[in-house]
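Here the structure comes first, spelled out in structure tokens, and everything after it is commentary.
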Amino acid sequence: MDESFVPATTEWYYPSDAVVHNALVPDYEATYAEAMADIETFWAQRAKTLHWFEPWQQVLDRSNPPFYQWFVGGKTNIAYNALDRHIKTWRKNKVALIWEGENGDKRTFSYWRLWQEVNKFANVLKSLGVKKGDRVTIYMGRVPELPIAMLACAKIGAIHSVVYGGFSEHALADRIEDAQSRVLVTCDGAWLRGNIVELKQIADEAVHRSPVVEHVVVVRRTGHEVNMQHGRDFWYHDLMNLPIASPVCETEVMDAEDPLFILYTSGTTGKPKGILHTHGGYQVYISTTLEWAFDLKDEDRWWCAADPGWITGHSYIVYGPHILGATSFMYEGAPNYPYPNRWWKMVEEYGISHLYTAPTAIRGLMRFGDAWPNRHNLSSLRMLGTVGEPINPEAWRWYYNVIGKGKLPIIDTFWQTESSGFLICPLPSVGLKPGSATRPFPGIEADVVDEAGNSCPPGTEGYLVIKNPWPGMLRTIYGDPQRMVNQYFSQFSHQGWYMAGDAARKDEDGYFYIIGRLDEVIKVSGYRLGTAEVESGLVSHPAVAEAAVIGVPDEVRGNVIYAYCILRSGFQPSEELVDKLKEHVRHEVGPIAVPSRIEIVTSLPKTKSGKIMRRVLKARAMGQPEGDTSTLEE
Ligand code: PRX
């Protein structure tokens with residue numbers, strides 16, 4: 001378990017009367033009670049704020065748990081709610097998306113323009129043979145064509161699988177293979193810290209490994225030379241200029257439970273899991289959570305600084321803000337490029353009202369001192385948010401005092417790829433405590449329980465569980481429904497609860513403190529990685545016979561990766577070899593998975609049944625007692 005920063009705090013921060021008074025949902029307690037009294041009526045009311053081609057016959061089908069179905073029989077399409085419906089209103093002229101490239105390039109899309117681009121690309125996809133239910137893999141940098149490609153898939157009923165641009169060819173190939181995508185959308189490259197990330201080159205190698213891909217569409221971003229394979233690869237801009245790319249495209253009528261996307265995430269064992277979300281419940285859940293927690297209104301400028309390649313970007317850069325008809329800002333590059341004031345400069349320049357980011361970014365920027373943000377007028381900010389890992393109170397206070405000038409609510413949102421949207425987070429009227437994600441969202445019954453399922457008393461650590469279904473919950477693991485049952489619903493199968501995989505505790509006021517993962521998932525800079533992925537990256541090097549990987553707490557990145565490798569005979573430990581192994585992981589899995597330390601060892605602590613005792617490795621790495629080692633066999 002990652003024992004992070006969990007203080008016993010009695011420090012309270014209360015929202016101002018103005019914040020509460022003006023909030024869309026001014027009374028958390030009353031709203032929570034009302035929702036829990038009848039969650040089906042509650043979610044049905046929320047769903048009615050969206051467009052349905054045909055109404056549902058049943059709000060929630062509980063007949064086959066944990067395979068719950070929401071808005072059964074309802075016909076809808078999330079792209080209709082995110083775009084089509086807005087262009088029939090004054091929002092046609094509203095700014096939907098503002099984008100800034102790391103190199104200073106700027107682009108702005110009204111809802112009308114975004115709708116047209118999406119329609120055009122939807123027609124392009126159709127011309128490449130993509131049909132309803134087909135999977136399309138998207139592997140891009142943070143450019144507007146990424147949300148355009150996602151929305152275009154949704155529009156024609158194709159299932160997108162976005163792979164984060166920080167993953168390398170092996171990870172990409174695995175995900176293409178699992179989804180059996182015949183079309184891949186990528187870029188020639190992406191700008192990061194002034195350098196080009198060679199996305200097309202990585203994509204080529206992935207397609208080589210996973211030849212199921214028939215067509216590759218390439219967005220030109222950097223303009224540097226890339227290999228284009230005749231007949232297989234097409235430039236995005238060429239296709240978008242063909243007559244086939246008409247700006248009008250019929251939106252596919254989807255069943256509420258038809259798949260919208262697959263998003264691969266790391267789990268306890270083996271290969272990444274393809275978490276599947278659907279059109280109906282997902283749109284209701286993410287739009288409600290965003291609107292209520294962040295009090296998002298038409299006059300706001302919302303900036304979620306995550307990457308669309310992760311769930312945060314899916315729900316809160318692309319779909320959530322556009323369903324709400326909001327203005328969403330997206331930035332391509334590194335937060336401190338070329339200087340540590342880059343973010344604050346953009347907040348000022350664009351009049352950003354909401355900034356939503358990860359604790360690791362806050363800690364990273366905090367390191368540069370207060371002078372950088374203080375050079376800028378940040379008075380447009382109205383709310384701040386955080387996600388992805390526990391936020392340590394020191395970073396929380398810096399965010400609150402230096403960025404928020406002691407006035408803005410900090411919305412610490414706990415949730416997961418599997419949940420699609422916030423599970424535990426404050427609404428504007430909730431008093432805040434640094435380091436706590438506060439209280440469950442209306443409609444969510446969360447608790448901290450022991451192994452037997454008894455609620456833990458305040459201050460006692462236990463398993464975080466969600467006791468009821470919610471519209472945005474995962475529907476399955478793509479191609480492996482039993483794995484979903486085993487992973488999330490087997491521990492408390494008797495009660496039918498969802499186990500999040502996190503340790504947590506509540507305090508006397510019912511406030512939740514998330515401690516960290518209970519499984520073999522490591523959160524590095526807020527990114528979710530499985531020990532198995534990094535280990536298989538290491539053992540794919542000819543010098544490595546066996547590898548074990550652990551997460552070790554780090555002041556800025558939350559956790560960093562330490563790896564222990566046993567060499568094959570004939571290989572000698574050396575610094576050079578360690579560097580080569582790091583490079584190998586970078587190449588195989590991706591830059592985010594590179595261990596910050598690799599130790600060559602001759603044995604690993606294992607149980608008699610051969611399972612690596614990561615707990616012992618971690619204790620050793622941190623210079624702590626090894627605990628019970630009675631089952632240890634090196
Ligand atoms: O461990 C929790 C941590 O991130 C995990 C989910 O990771 P992922 O599926 O990649 O989604 C990240 C974006 C939602 C959780 O199991 N986590 C997420 N948010 C928080 C958090 N830990 C503490 N506080 C949070 N606010």
Side-chain angles (χ1 to χ4, degrees), residues 1-7 162-164 166-167 262-268 272-275 277 285-286 289-290 293 304-317 320 356-363 384-393 395-396 399 410-426 432-441 446 448 461 463-466 472-474 477 487-488 498-505 511-530 533 551 553 557-559 592:
M1 175 193 313
D2 291 338
E3 63 282 2
S4 301
F5 334 81
V6 184
V162 182
V163 178
Y164 171 57
F167 278 124
I262 305 168
L263 184 55
Y264 288 89
T265 190
S266 304
T268 308
K273 304 170 292 193
I275 304 296
H277 288 291
Y285 195 67
I286 60 159
T289 46
L290 176 61
C304 166
D307 192 285
W310 299 86
I311 190 68
T312 314
H314 278 58
S315 299
Y316 300 117
I317 296 178
Y356 181 46
T357 186
T360 192
I362 299 165
R363 290 191 293 261
L384 302 172
T386 144
V387 57
E389 45 178 338
I391 180 161
N392 49 311
W396 195 99
Y399 203 27
I410 295 198
I411 310 298
D412 178 352
T413 60
F414 165 82
W415 57 293
Q416 310 177 301
T417 307
E418 293 86 342
S419 76
S420 86
F422 314 151
L423 288 170
I424 301 177
C425 68
L432 306 173
K433 304 187 195 191
S436 172
T438 77
R439 313 276 301 274
F441 196 83
V448 176
E461 196 178 311
Y463 298 88
L464 180 65
V465 293
I466 308 296
M473 68 193 298
L474 79 163
I477 291 177
Q487 185 94 32
Y488 307 102
Y498 171 84
M499 190 183 72
D502 281 287
R505 63 175 161 245
Y511 275 52
F512 285 77
Y513 290 82
I514 313 299
I515 297 165
R517 299 290 310 185
L518 283 160
D519 53 10
E520 277 141 27
V521 166
I522 311 178
K523 280 274 169 160
V524 181
S525 300
Y527 295 122
R528 178 167 167 179
L529 285 169
E533 283 162 88
R557 305 174 70 191
N559 293 285
I592 51 165

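As a basis for the values below, the full set of heavy atoms in this structure was taken, side chains included, without hydrogen atoms, waters or symmetry mates. One-based numbering, in listed order, for ligands and for the atoms of each. Not measured: the values here are computed from a predicted model.
Atoms of ligand 1 lying under 4.0 Å from at least one heavy atom of Arg528, given by number and element, are 6 (C), 7 (O), 8 (P), 9 (O), 10 (O). Near Asp412, meaning under 4.0 Å from one of its heavy atoms, ligand 1 places the atoms 25 (C), 26 (N). In the vicinity of Val387, heavy-atom distances shorter than 4.0 Å reach the ligand 1 atoms 13 (C), 14 (C). Set against the non-hydrogen atoms of Pro390, the atoms of ligand 1 under 4.0 Å away are 22 (N), 23 (C), 24 (N). The Ile514 neighbourhood of ligand 1 comprises atoms 22 (N), 23 (C), with distances under 4.0 Å to a heavy atom of that residue.
Looking at atom 12 (C) of ligand 1, its nearest protein heavy atom turns out to be Lys523 NZ, 3.5 Å. Scanning all protein heavy atoms for the shortest distance to atom 21 (C) of ligand 1 gives Glu389 N, 3.4 Å. Scanning the protein heavy atoms around atom 13 (C) of ligand 1, the nearest turns out to be Thr312 OG1, 3.4 Å. In this structure, atom 15 (C) of ligand 1 lies nearest to the protein heavy atom Asp502 OD2, 3.2 Å. At the shortest separation from atom 3 (C) of ligand 1 among protein heavy atoms lies Gly388 O, 3.3 Å. Regarding atom 6 (C) of ligand 1, its nearest protein heavy-atom neighbour is Trp415 O, 3.6 Å.
The closest donor-acceptor contact from the side chain of Lys523 to the backbone of Gly388 lies under 3.5 Å. Ser436 contributes a side-chain N or O that, together with a main-chain N or O of Phe512, makes up a donor-acceptor pair within less than 3.5 Å. Distance alone, capped at 3.5 Å, is enough to place a donor-acceptor pair between the Gln416 side chain and the Ala500 backbone. A donor-acceptor pair under 3.5 Å is formed between the side chain of His314 and the backbone N or O of Pro308. Using modelled atom types, one side-chain atom of Ser315 and one backbone atom of Ser420 make a donor-acceptor pair closer than 3.5 Å.
The distance criterion of under 3.5 Å between nitrogen or oxygen atoms is not met by Thr386 with respect to ligand 1. Residue Gly516 has no N or O atom closer than 3.5 Å to an N or O atom of ligand 1. An N or O contact shorter than 3.5 Å is missing between Trp310 and ligand 1 by distance.
Here Ala437 has no heavy atoms under 4.0 Å from ligand 1, in either its backbone or its side chain. At a 4.0 Å heavy-atom cut-off, ligand 1 touches Thr417 through backbone and side chain alike. At a heavy-atom cutoff of 4.0 Å, ligand 1 is contacted by no atom of Val521, backbone or side chain.
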Test side chain to side chain donor-acceptor pair (under 3.5 Å) applied to Thr413 and Tyr316, step by step:
CA-CA 12 Å; Thr413 60; Tyr316 300 117; over 6 Å; no
Show the numbers, then the answer: is there a side-chain contact (heavy atoms from CB on, under 4.5 Å) between Asp412 and Thr438?
CA-CA 8 Å; Asp412 178 352; Thr438 77; over 6 Å; no
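No side-chain heavy atom of Ser525 sits less than 4.5 Å from a side-chain heavy atom of Ile592.
Among Glu533, Glu520, Glu418, the single residue meeting the salt bridge (Lys or Arg N to Asp or Glu O under 4.0 Å) criterion with Arg528 is Glu418.
No side-chain donor from either of Thr360 and Arg557 sits under 3.5 Å from a side-chain acceptor of the other.
Using the six-membered ring where Trp is involved, Phe422 and Tyr356 have ring planes that are perpendicular, over 60° apart on the 30 and 60° scheme.
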